[in-house]
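Worth saying up front: this structure is predicted, and the values here are computed from it rather than measured. Proteins get letters first, then strands, A, B, ... in listed order; numbering begins at 1 in each.
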2 protein chains.
Amino acid sequence: MNNRIKVLRAERDWSQQSLADRIGVSRQAVNAVERGKHDPSLQLAFDIADQFNLRIEDVFLPVKKSSSEG
Amino acid sequence: MNNRIKVLRAERDWSQQSLADRIGVSRQAVNAVERGKHDPSLQLAFDIADQFNLRIEDVFLPVKKSSSEG
DNA sequence: ACATTATGTAATGCATACCTTACATAATGA
DNA sequence: TCATTATGTAAGGTATGCATTACATAATGT
């Protein structure tokens, strides 16, 4: 699961720590998700997207199984 | 985390089993998510939304922490 | 009556998301 | 030099997503 967190943070000049604080999770959780160490929970994905005022689909890029749009 | 899976299935006349088969998870996994027993992983949320040709936000309804839109 | 399908639920087990604590490097600035 | 901030990483623990197996009820059709 790829994501655009690093760029989105940079655009806002937010550190991993400040993003973590805004969401209410640990810095390591943000770091792990941002670096693709593991996927976030759906709730955390919503929270992250919400902080950026974006949709989940605009932050996270899954491997689609079906359909031809992409 | 509320969701509209039951209605979306009904609109398409899909059983929990057939949805599970399409996605490649167990029927119980679909049942548990649909009934709000627990949240799906982000990947499963993407897969479910994709089957309905909808965005995650149109299938799952989280409790927002911030922002005033909603 | 019997089989099939759809659904809800439970137990057990494994993988993993997230936490806390801790250590490391690099950049910045007093 | 010393302190602070940002980031990457690791170990150990808890919570939870999902699989598998299994049992139950209800609806449908033969």
Note: A:Arg55 and A:Ala49 closest approach over all heavy atoms is C-CB, 3.9 Å
In this structure, how many angstroms lie between the P atom of C:dT7 and the CG atom of B:Leu19, rounded? 10 Å
Rounded off to whole Å, could you give me the CD1-to-C1' distance for the A:Ile5 and D:dG8 pair? 15 Å
Can you find a heavy atom in the side chain of A:Val33 that is under 4.5 Å from one in the side chain of A:Lys37? no
Would you indicate, yes or no, if C:dT7 has its OP1 or OP2 atom less than 4.0 angstrom from a side-chain nitrogen or oxygen of B:Arg9? yes
Close side-chain approach of B:Gln51 and B:Arg12, heavy atoms under 4.5 Å: no
Nearest whole angstrom, please: distance from the P of C:dC19 to the CD1 of A:Ile23. 10 Å
Nucleic acid contacts - residues 26-40 of chain B versus DNA chain D, non-hydrogen atoms under 4.0 Å: B:Ser26, B:Arg27, B:Gln28, B:Ala29, B:Val33, B:His38, B:Asp39, B:Pro40
Spacing of B:Gln16 atom CD relative to D:dC18 atom P, expressed in whole Å: 14 Å
Measure the distance from CD on A:Gln43 to P on D:dA15 and round it to the nearest whole Å. 18 Å
In the structure I gave you, are the side-chain heavy atoms of A:Arg22 and A:Trp14 within less than 4.5 Å of one another anywhere? yes
Could you list the residues that satisfy side chain to side chain contact (heavy atoms under 4.5 Å, CB included) with B:Arg35, not counting sequence neighbours? B:Asn31
Could you run down the sub-3.5 Å N/O contacts of the protein with nucleotides 25-30 of chain D?
none

Under 4.0 angstrom between B:Ser41 side-chain N/O and D:dC18 OP1 or OP2: yes
May I have the distance from A:Leu44 (atom CG) to C:dT16 (atom P), rounded to whole angstrom? 17 Å
Between B:Arg9 and B:Ile5, is a side chain to side chain contact (heavy atoms under 4.5 Å, CB included) present by the stated rule, with each step listed? CA-CA 6 Å; B:Arg9 275 198 309 107; B:Ile5 296 175; 4.2 Å; yes
For A:Leu61, enumerate each residue passing the side chain to side chain contact (heavy atoms under 4.5 Å, CB included) test, keeping only those at least two apart in sequence or located in another chain. A:Asn2, A:Arg4
What residues, two or more places apart in sequence or in another chain, satisfy side chain to side chain contact (heavy atoms under 4.5 Å, CB included) together with B:Ala45? A:Leu42, B:Pro40, B:Ile56, B:Phe60
Check the distance between D:dC18's P and B:Asp21's CG and give it to me in whole angstrom. 16 Å
Between B:Gln17 (CD) and D:dT21 (C1'), how many Å, whole number? 14 Å
Mind checking what makes side chain to side chain contact (heavy atoms under 4.5 Å, CB included) contact with B:Arg27, not counting sequence neighbours? B:Gln16, B:Gln17
